[in-house]
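Beneath this line is the structure, given in structure tokens, with notes to follow.
Since we're looking at a predicted model, the values are computed, not measured. Chain A is the first sequence line, chain B the second, and so forth, proteins listed ahead of strands; every chain is numbered from 1.
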Amino acid sequence: MTLSIATWNVNSIKARLPNVLEWLGEAKPDIACLQEIKCQDEGFPREEIERLGYNIETVGQKSYNGVALLSRFPIEEVAERALPGGNGEEEQARYIEVVISAPGGPVRVASIYLPNGNPAPGPKYDYKLEWMARLHAHAAKLLAYEEPLVLAGDYNVIPRDADVHDPAAWEGDALTLPASRDAFFALQWLGLTEAFQHLDGRAHQYTFWDYQAGAWQKNNGIRIDHLLCSPQAADRLKSIEIHKDVRGKEKASDHVPVVGTFDL
DNA sequence: ATGGTCGACTCTCGA
């Protein structure tokens, strides 16, 4: 039994609905983690997506951020609607974690929109690092369950120089700063496996191309959308694919889907 | 080439 889990920063679900429906219809992921839905829960186009056979949970926010989780299989529990460890009130909509009743057994999946952090240094960068520290603490707790777990999303971290077209152009950016990379690798040292590097690892395989300056046409991209897997998920990971062609469509998001398949 | 991309929204910010 194969289970496919995708992540895609759609950059507004309303602006992207035709693209999202087309892609879901073709790729047919079992589970899809969406980021930057940029709408409140009541504004999410549920019916159109439910019609394709998905159960839906959202954590929305007006104008900015917002995450969603789509699943062909029942969502038996919404474990978290925010990343634990925050101080509540000004919480941004960047995290949802669910337990899905997949045919091969339960799988815990989170849709993650990690703060961008620019400009760095500054309060936005501090918030990014604080958020990553909270994610580290929460992931440590989840790993103790020793269950299949996939933390999928826009991490806003370029792991290696090989994951950016021009490392010099990104020097000093919050997506490549050593503290950002250190925090990202600290998640892996906990025991999480980054699916792309584990199975593929090729240089210059990107998941984001800026709208500006002809970045897509010049293939000036970066790889910032990742699947992090617990040992119980990584052991069953069979493939990882970046759906690059999606970036070339009309009205494309600046990110493309990344899809992992598992024998689960 | 005196602009340069998009999306949400009140007009300017975030990415």
Check: Does K62(A) or N65(A) map to a spot on DNA chain B nearer the 5' end, using the closest nucleotide for each?
Finding: K62(A)
Notebook entry, point to check: Want to settle it: does K14(A) or G117(A) sit nearer the 5' end of DNA chain B, counting the closest nucleotide to each?
Noted result: K14(A)
Can you tell me the distance, in whole Å, between the [atom1] atom of [X] and the [atom2] atom of [N]?
X       : N       : atom1 : atom2 : value
R16(A)  : dG7(B)  : CZ    : C1'   : 8 Å
F208(A) : dC6(B)  : CZ    : P     : 12 Å
Q40(A)  : dG7(B)  : CD    : P     : 19 Å
K251(A) : dT5(B)  : NZ    : C1'   : 12 Å
R94(A)  : dG14(B) : CZ    : C1'   : 10 Å
Y155(A) : dA15(B) : OH    : P     : 18 Å
D210(A) : dA15(B) : CG    : P     : 13 Å
L175(A) : dG14(B) : CG    : P     : 16 Å

Distance between the [atom1] atoms of [N] and [M], in whole angstroms?
N       : M       : atom1 : result
dG3(B)  : dC9(B)  : P     : 29 Å
dA1(B)  : dG7(B)  : C1'   : 26 Å
dT2(B)  : dC13(B) : P     : 25 Å
dT10(B) : dC6(B)  : P     : 22 Å
dC11(B) : dT5(B)  : P     : 24 Å

Note to self: Could you check whether E91(A) pairs with R134(A) (Lys NZ or Arg NE/NH1/NH2 to Asp/Glu carboxylate O, under 4.0 Å)?
What the structure shows: yes
Next item on the list: Run the salt-bridge test on R223(A) and E194(A) with the 4.0 Å N-O cut-off and return the result as yes or no.
Entry: yes
Next item on the list: Indicate whether OP1 or OP2 belonging to dG14(B) is found under 4.0 Å from a side-chain N or O atom of K124(A).
Entry: yes
Notebook entry, point to check: Tell me, do L83(A) and L135(A) make a side-chain contact under 4.5 Å, heavy atoms counted?
Noted result: yes
Note to self: Tell me whether the NZ or CZ atom of R72(A) lies within the 45° cone about the ring axis of Y54(A) and under 6.0 Å from its centre.
What the structure shows: yes
Margin query: Of the listed nucleotides (dC13(B), dA15(B), dC6(B)), which one gets closest to any side-chain atom of Y211(A)?
Written below: dC6(B)
Note to self: Under a 3.5 Å cutoff, is there a donor and acceptor pairing between the side chains of N11(A) and K38(A)?
What the structure shows: yes
